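Everything on this sheet refers to the single structure shown next.
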2 protein chains.
Amino acid sequence: MKTKSELTKEMDCQPEECLAALLPVRDALEVLSGRWKLPILIALSNRPKRFKEISKDINGITDKMLSKELKDLEINKLVIRTVYDTFPPTVEYARTEHSHTLYKVISALNEWGTLHRKEIIGK
Amino acid sequence: MKTKSELTKEMDCQPEECLAALLPVRDALEVLSGRWKLPILIALSNRPKRFKEISKDINGITDKMLSKELKDLEINKLVIRTVYDTFPPTVEYARTEHSHTLYKVISALNEWGTLHRKEIIGK
DNA sequence: CGGTATCCCCATTGATACTG
DNA sequence: CAGTATCAATGGGGATACCG
């Protein structure tokens with residue numbers, strides 16, 4: 001059994017502070033939520049790509065979802081869309097600087113997800 | 001413009017490694033997903049509570065959702081359910097040790113969410 | 001090429017009522 | 001008290017076709 005102060009340390013907040021943290025945490029979860037956001041960011045990790053390239057790189061995504069998710073990512077400034085005035089039109093998507101600040105979150109999620117898998121399945 | 005090695009460092013993986021990380025990351029996101037999981041964990045942070053107590057502590061949750069979410073959390077070993085053989089029946093929910101390993105993830109989500117808010121709204 | 005428009009399904013959530 | 005049953009609404013996501 002842990003003491004209350006140990007628990008508090010682990011949660012890093014009293015309930016009131018936890019509630020205050022709820023908003024940013026939910027923001028972060030929402031930005032990464034859904035089946036396609038992370039695959040898209042990964043697809044763009046190496047270099048900028050065009051719509052069809054991304055579409056080919058990600059198994060199972062429809063044009064509609066790719067379009068929608070790219071818009072979401074653009075709104076959240078995780079991806080930048082550049083239109084080149086060529087014929088036929090060329091559109092390029094790239095990760096932003098801001099998207100790279102996700103590193104710590106994804107890393108933490110990866111670590112915990114791995115730990116959790118062991119806890120639930122293997123152990 | 002960043003060099004490729006800088007980007008790689010920021011993502012902490014090559015695309016293939018990123019893809020490998022995708023599963024645990026999605027596991028972690030799924031466990032925390034939805035409107036009620038975190039509020040429930042927060043409600044249980046101080047001390048174990050009974051169904052009605054939690055229900056009163058969380059604004060807007062229905063009995064059905066609370067019941068369902070508690071089951072999910074129990075399956076994921078984040079919450080433990082104890083039935084006391086009294087009349088009327090008493091059921092107590094408590095956070096597990098495992099649930100406290102979430103600390104780093106939530107902390108990272110909180111930090112990034114706060115940064116992200118500044119990036120999107122304020123700056 | 002880089003998307004939209006349309007239609008439809010079904011899973012999630014909610015409201016309300018009820019039960020052991 | 002601690003939930004479950006039932007029904008209804010909402011919307012996310014897929015299939016397909018089409019457009020500038």
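Just so you know, these numbers use all the heavy atoms, side chains as well, and skip hydrogens, waters and symmetry mates. Owing to the predicted nature of the structure, the values given are computational and were not obtained by experimental measurement. All chains are named by letter (A, B, ...) in the order of the sequence lines, taking the proteins before the strands, and each is independently numbered beginning at 1.
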What is the distance from [atom1] of [X] to [atom2] of [N], rounded to the nearest Å?
X: A/Lys37; N: D/dG13; atom1: NZ; atom2: C1'; answer: 12 Å
X: A/Lys49; N: C/dG3; atom1: NZ; atom2: P; answer: 16 Å
X: A/Glu92; N: C/dG3; atom1: CD; atom2: P; answer: 12 Å
X: B/Ile61; N: D/dA2; atom1: CD1; atom2: P; answer: 15 Å
X: A/Phe87; N: C/dC1; atom1: CZ; atom2: C1'; answer: 9 Å
X: B/Lys68; N: C/dA11; atom1: NZ; atom2: P; answer: 13 Å
X: B/Leu66; N: C/dT13; atom1: CG; atom2: C1'; answer: 14 Å
X: A/Leu70; N: C/dG3; atom1: CG; atom2: P; answer: 8 Å

So, does [X] get its side chain near the phosphate of [N], meaning an N or O under 4.0 Å from OP1 or OP2?
X: B/Lys71; N: D/dT4; answer: yes
X: A/Arg81; N: C/dG2; answer: no
X: A/Arg50; N: C/dG2; answer: yes
X: A/Ser67; N: C/dG2; answer: no
X: A/Tyr84; N: C/dG2; answer: no
X: A/Lys64; N: C/dT4; answer: no

Quick one: does B/Glu53's side chain have a donor or acceptor within less than 3.5 Å of a partner on B/Arg50's backbone? yes

Does any non-hydrogen side-chain atom of B/Asn76 lie less than 4.5 Å from one of B/Glu74? no

Quick check on DNA chain C: between A/Lys52 and B/Trp36, whose nearest nucleotide comes earlier from the 5' end? A/Lys52

If you look at every strand shown and take non-hydrogen atoms under 4.0 Å, does A/Ser55 touch a base, only sugar-phosphate, or nothing? nothing

Answer yes or no: are there more than 12 heavy-atom neighbours, outside B/Ile80 itself, under 6.0 Å from its atom CD1? no

Please check if B/Leu19 and A/Ile106 belong to a single hydrophobic cluster, counting links between Ile, Leu, Val, Met, Phe, Trp and Tyr side chain heavy atoms closer than 4.5 Å. yes

Can you figure out which of D/dG3, C/dC1, C/dT4 approaches the side chain of A/Pro88 most closely? C/dC1

Which atom pairs, donor and acceptor, lie under 3.5 Å between side-chain atoms of residues 29-44 of chain A and protein residues at least two apart or in another chain?
{"from": "A/Ser33", "atom 1": "OG", "to": "A/Glu30", "atom 2": "O", "distance (Å)": "2.9"}
{"from": "A/Lys37", "atom 1": "NZ", "to": "A/Ser33", "atom 2": "O", "distance (Å)": "3.1"}

